[in-house]
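First the proteins, then the strands, lettered A, B, ... as listed; each starts at 1. FYI, side chains are in, hydrogens and waters are out, and symmetry mates aren't considered; it's all heavy atoms of this structure.
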Amino acid sequence: MPLSQAPLPLLEHALGEAIKKLDLDPSLAQITPTNNQRFGDYQTNAALIAAKELKSNPRDLANQLIAELDLEDYCDPPEVAGAGFINFRLKKNFLEQQVASLLHDPRLGIPLSASPRTIVIDFSSPNVAKPMHVGHIRSTILGESLLRIARFLGHRVISDNHLGDWGTQFGKVIYGLKNLPPQAELAEESPIEKLVRLYRQVTTLEREDAQLRDVVRKELLKLQQGDCENRKLWEEVVTLSWREFEKQYALLGVSFDEHLGESFYHEALQPLVQRLLLQGIAKRSQGAVVIFFPHHPTLHDKPFLIQKSDGAFLYATTDLATLEYRVTRWHPDAIWYVCGAPQQLHFEQLFESSRRLGFHLELRHIAFGSILGEDRKMMKTRSGDNIELGSLLQEAIDRAWKIIDEKNPLFSQEEKKKIAQIVGLGALKYADLMQHRMTDYVFSWEKMLAFQGNTAPYLQNAYVRSRSIFRKDESLQSFFPSTLLLDEEVERTLALQLLQFAEVIPNVLVDARPNILCLALYELATKFHRFYEECPILKAEKKVKESRLALTEITSRMLQLGLNLLGIDVPEKM
RNA sequence: GCACUCGUAGCUCAAUUGGAUAGAGCGCUGCCCUCCGAAGGCAGAGGUUGUGGGUUCAAUUCCCGCCGAGUGCACCA
């Protein structure tokens, strides 16, 4: 029997053999889990699809396939149902053995990728000296999760935080540092708060004073031309900001292999533009340098501006230079950009341009929708500002603390603090990840922190419940039954879910959708709860007790692993 | 004007990428702790998947038209 513990490859292999014997299209050897127990555990639509090509009867074809199928080691005899579906139901003792073997497998049956790739993931990308807003939060959480999953599957992943450290905000901040009086009453503010305050003050002042805008622009120009004083201020600002970001990333459990900001590519921009002009990829137009896509179906009327008429470079220029650098530095098979949906046009243009430059790797914009307030508009504070990451994280922790304090007042202060962090931040991350990434979703503290429904606290609680039984009795820690007993329907249902977990993880990366993993975890927790209610463990007879403990053990490890792949921690008590 | 994304239960969202009777949570109506965490579980009510066509044995999913929402489109990032 093959090493893989997931049933799907076994079934597909057997189906493939049968298809070969009947001389049908080998790509039809596809099997999916059923969505309803009535139809067994797995189904294939192969006969339906093949019958269409051959213009024959699908049910007859299905019966012919079944006759050639050799899977009696692990499957009850398959049945033809409906229009020509073939339904498979795993044998009880096969299920029992396979699930038992998960006990010895630290990967819980999840195979390494057969074709590991080198992937650069670009995510988070906050702007230095500007408050991080909700868009960055989604990018950070989503990016980190994809990174963890890709690494777990054996890919070589480089995470690169493309900091906005060279933008127009520096004109404002430098002007503010030079000209705005220090405010005594705010002496206690942190350096980063001061930068944000200056940024906002200058933004406000500019709105009323057109002349000031020119002064601010000149400060930026001076910086970019290498002015000594501005350069020094810039360095301080970048260092301070990064130190602050690092604190927040540590809290979130996020880390980067690189954080090469826009400034890193500054020197490369002029030569890049020259080269693009020389190769005829870009053209001069109205004083600026532009890439056109005259033959592209949707981009023909959407020029890509890479140098302004005043000589300054743009976002697009830096992104092209960055792409080029990454290709030569890492030789990646893919670069993924975790960035909001509004920038889809930009990435389409960027990718099209890079193909013209001769880069033919996979370039993927992993877009996501907006986070909305209860009023269904982009989430803002009451005063209309963007919500800052720091305050959001703190509120999540504070709210979780209140709930824990209410439910478990006897926990020590230290325990409460630790649990509040795990639960609060977990809830925040999970609320984001469980959503289909393209949907704009309404942010709600009540919902994400609820113990009912598809939330992190619900999953964390399932984990806590599963661990609590092992605290009852230390001797329960070491047991490894070589096979299980799955006599109750709820046990079988749980066992199947445990086995199918391995099939879910690789699917997450197909379309960069951690919400598939969330759904699997939620179903796992639900099925576990049902099992835990219905099946007594400690009182059960020895063999049954061991089997049920094993199910509990595997469930808790799977919840922990799955949440970890989402960047979410689990508490032992809550 | 062009492009992108979306429209599913009263509300917030799913639907394993074209499969069988469209599922959860909240809210609503009832149940279940002399048993490991009730921070849980069970059952019920709730739907013409915005709308009209098309492709298919099969469409929430793919194609076209309309209606509605959000976002973006030459010197911000």
Side-chain angles (χ1 to χ4, degrees), chain A residues 32-36 38-39 43 45 48-49 51-52 57-58 81-85 87 125 127 130 164 166-169 262 285-290 297-310 312 314-316 318-319 340-346 348-349 367 369-370 372 376-378 403-404 407-408 434-436 438-442 444 446-447 450-455 457-458 460-462 464-473 476 500 503-504 507-508 510-511 513 515-516 518-520 522-523 526 529-530 532-539 548-549 552 573-574:
Chain A
T32 51
T34 55
N35 53 12
N36 192 317
R38 274 176 316 158
F39 305 126
Q43 70 176 53
N45 314 318
L48 286 163
I49 299 163
K52 186 175 174 178
N57 183 317
F85 302 99
N87 295 338
S125 309
N127 290 317
K130 253 167 98 172
W166 201 245
T168 47
Q169 74 267 35
E262 293 168 340
S285 167
Q286 299 172 28
V289 181
V290 184
T298 53
L299 295 181
H300 61 89
D301 58 345
K302 306 276 191 296
F304 197 39
L305 202 62
I306 58 171
Q307 186 170 20
K308 305 204 302 192
S309 47
D310 67 3
L314 297 122
Y315 181 36
T318 316
D319 267 5
Q343 297 189 39
Q344 280 178 124
L345 176 59
H346 168 77
E348 252 185 88
Q349 293 172 321
S370 314
L372 308 176
R376 296 215 60 114
K377 295 200 171 128
M378 299 280 276
I403 295 170
I404 291 151
K407 306 232 180 197
N408 281 303
M434 57 83 79
Q435 224 83 35
H436 184 120
M438 283 311 291
T439 40
D440 298 347
Y441 76 92
V442 176
S444 159
E446 285 71 27
K447 275 182 184 140
F451 285 90
Q452 301 84 13
N454 196 355
T455 68
Y458 177 82
Q460 287 167 327
N461 179 53
V464 167
R465 270 184 107 181
S466 73
R467 293 322 300 165
S468 72
I469 193 166
F470 295 99
R471 276 199 300 273
K472 282 271 167 203
D473 183 349
L476 297 179
Q500 290 182 336
E503 294 159 7
V504 173
N507 273 337
V508 175
V510 171
D511 201 22
R513 285 182 41 195
N515 74 313
I516 295 174
C518 295
L519 191 65
Y522 179 59
E523 280 174 1
T526 304
H529 274 137
R530 207 166 295 163
Y532 210 61
E533 299 274 338
E534 262 187 57
C535 301
I537 299 175
L538 296 179
K539 284 181 166 181
R548 289 179 178 170
L549 280 169
T552 307
K573 293 196 278 178
M574 64 190 280

Fill in: Residue mapping more 5' on RNA chain B - nearest nucleotide basis, A:Tyr522 or A:Phe39
A:Phe39
Worksheet entry | Distance, nearest 0.5 Å, that separates CD of A:Gln460 from CZ of A:Phe451 | 8.5 Å
Response to the item:
So CD of A:Glu523 and SG of A:Cys518: to nearest 0.5 Å the spacing works out to 12.0 Å
Worksheet item: Across all strands shown, which nucleotide pairs with B:rC2 by Watson-Crick or G-U wobble geometry, both distances under 3.5 Å?
Response: B:rG72
Practice prompt. For the residue pair A:Tyr315 and A:His346, categorise the inter-ring angle as parallel (less than 30°), tilted (30 to 60°) or perpendicular (more than 60°).
Written response: parallel
Discussion item. Mind checking if A:Ala81 touches a base, just sugar-phosphate, or nothing, with heavy atoms under 4.0 Å?
Written reply: base
Worksheet item: Do the side chain of A:Asn454 and the base of B:rG25 come within less than 3.5 angstrom through a donor-acceptor pair of N or O atoms?
Response: no
Worksheet item: Is A:Asn515 touching bases, backbone alone, or none of the nucleic acid, heavy atoms closer than 4.0 Å?
Response: sugar-phosphate
Worksheet item: Base, sugar-phosphate, or nothing: which does A:Asn36 touch, judged by heavy atoms less than 4.0 Å apart?
Response: nothing
Discussion item. With heavy-atom distances below 4.5 Å as the criterion, would you say the side chains of A:Tyr441 and A:Met434 are in contact?
Written reply: no
Item to complete: Establish whether the base of B:rA20 is bridged to the side chain of A:Asn87 by a donor-acceptor pair shorter than 3.5 Å.
Response: yes
Fill in: Centroid distance under 5.5 Å and plane angle under 30°, A:Phe451 vs B:rG40
no
Worksheet item: In whole Å, what is the span from the NE2 atom of A:His436 to the C1' atom of B:rU61?
Response: 12 Å
Worksheet item: Quantified in whole Å, what is the C1' atom distance between nucleotide B:rU8 and nucleotide B:rA59?
Response: 14 Å
Discussion item. What is the distance, to the nearest angstrom, from the CD atom on A:Glu533 to the P atom on B:rC42?
Written reply: 8 Å
Response to the item:
Regarding the side chain of A:Gln452, the nearest nucleotide among B:rC26, B:rC36, B:rA3 is B:rC26
Item to complete: Examine the base of B:rC76 for any acceptor or donor lying under 3.5 Å from a partner atom in the side chain of A:Thr168, and report the outcome as yes or no.
Response: no
Worksheet item: Does a side-chain N or O from A:Thr439 land closer than 4.0 Å to OP1 or OP2 of B:rA14, or not?
Response: yes
Item to complete: Quote, to the nearest angstrom, the C1' distance that separates B:rG19 from B:rA43.
Response: 29 Å
Item to complete: Find the partner of B:rA58: check Watson-Crick (N1-N3 plus N6-O4 or O6-N4) and G-U wobble (N1-O2, O6-N3) distances, both under 3.5 Å, and reply none if neither fits.
Response: none
Discussion item. Base, sugar-phosphate or nothing for A:Glu503? Non-hydrogen atoms, less than 4.0 Å.
Written reply: nothing
Worksheet entry | For B:rC66, the Watson-Crick or wobble partner whose two distances fall under 3.5 Å | B:rG50
Worksheet item: A:Lys407 near the nucleic acid: base, sugar-phosphate alone, or nothing, with a heavy-atom cut-off under 4.0 Å?
Response: base
Practice prompt. With heavy atoms under 4.0 Å as the rule, sort A:Pro342 into base, sugar-phosphate or nothing.
Written response: sugar-phosphate
Item to complete: Drop me the distance from A:Asn454's CG to A:Gln435's CD, to the nearest 0.5 angstrom.
Response: 9.0 Å
Worksheet item: So how far is it from A:Leu549 CG to A:Ile537 CD1, rounded to the nearest 0.5 Å?
Response: 5.5 Å
Worksheet item: Given B:rA77, B:rA14, B:rG40, which nucleotide is nearest the side-chain atoms of A:Glu262?
Response: B:rA77
Worksheet item: Heavy atoms under 4.0 Å, any strand shown: does A:Ile306 hit a base, just sugar-phosphate, or nothing?
Response: nothing
Worksheet item: Going by heavy atoms in the side chains, are A:Tyr458 and A:Tyr522 under 4.5 Å from each other?
Response: yes
Worksheet item: Taking the same atom, P, in B:rG7 and in B:rU51, what whole-Å distance lies between them?
Response: 13 Å
Worksheet item: What is the nucleic acid contact for A:Arg38, judged by heavy atoms within less than 4.0 Å: base, sugar-phosphate only, or nothing?
Response: base
Practice prompt. Classify the nucleic acid contact of A:Val464 as base, sugar-phosphate or nothing, counting any heavy atom under 4.0 Å across all strands shown.
Written response: base
Response to the item:
In whole angstroms, the gap separating C1' of B:rA3 from CD of A:Gln349 amounts to 11 Å
Worksheet item: Which part of the nucleic acid, if any, lies within reach of A:Leu345 when heavy atoms closer than 4.0 Å are counted: base, sugar-phosphate only, or nothing?
Response: sugar-phosphate
Item to complete: If B:rG23 has a Watson-Crick or G-U wobble mate with both distances under 3.5 Å, name it; if not, just say none.
Response: B:rC13
Practice prompt. Establish whether the base of B:rC36 is bridged to the side chain of A:Lys539 by a donor-acceptor pair shorter than 3.5 Å.
Written response: no
Worksheet item: With both distances under 3.5 angstrom, what nucleotide forms a Watson-Crick or G-U wobble pair with B:rC35?
Response: none
Worksheet item: With sugar-phosphate meaning primed atoms plus P, OP1 and OP2, does A:Ser285 contact a base, only sugar-phosphate, or nothing at under 4.0 Å between heavy atoms?
Response: base
Discussion item. Looking at B:rG44, which nucleotide sits across from it as a Watson-Crick or G-U wobble partner, both distances under 3.5 angstrom, or is there none?
Written reply: B:rC28
Item to complete: Please confirm whether any donor atom in the side chain of A:Ser309 sits under 3.5 Å from an acceptor in the base of B:rA74, or the reverse.
Response: no
Worksheet item: Roughly how far apart, to the nearest Å, are B:rG44 and B:rA3 at atom C1'?
Response: 47 Å
Worksheet item: Which part of the nucleic acid, if any, lies within contact of A:Cys518, taking any heavy atom under 4.0 Å across all strands shown: a base, the sugar-phosphate backbone alone, or nothing?
Response: nothing
Fill in: Atom pair CD (A:Glu348) and NZ (A:Lys302), whose distance is rounded to the nearest 0.5 Å
9.5 Å
Fill in: Selected nucleotide, minimal atom distance to A:Leu48 side chain, candidates B:rC57, B:rC36, B:rU5
B:rC57
Discussion item. Can you check the distance between B:rA58 and B:rA15, where both ends of the measurement are the P atom (answer in whole Å)?
Written reply: 25 Å
Discussion item. Need one value for A:Ala341: base, sugar-phosphate or nothing, where a base atom within 4.0 Å counts as base even if backbone is also close, heavy atoms only.
Written reply: nothing
Worksheet item: Distance between the P atoms of B:rG68 and B:rG50, in whole angstroms?
Response: 16 Å
Worksheet item: So what does A:Leu299 touch, heavy atoms closer than 4.0 Å: a base, only the sugar-phosphate, or nothing?
Response: nothing
Discussion item. Expressed as a whole number of angstroms, how long is the span from A:Tyr458:OH to B:rA24:P?
Written reply: 12 Å
Discussion item. Check this for me: does the side-chain of A:Gln43 come within 3.5 Å of the base of B:rA20 through a donor and an acceptor?
Written reply: yes
Worksheet item: When the C1' atoms of B:rA24 and B:rU16 are considered, how many whole Å apart are they?
Response: 15 Å
Fill in: A:Val442 vs A:Arg376 side-chain heavy atoms within contact, under 4.5 Å
yes
Discussion item. Please report the distance separating the P of B:rC64 from the corresponding atom of B:rC4, rounded so that it comes out in whole Å.
Written reply: 10 Å
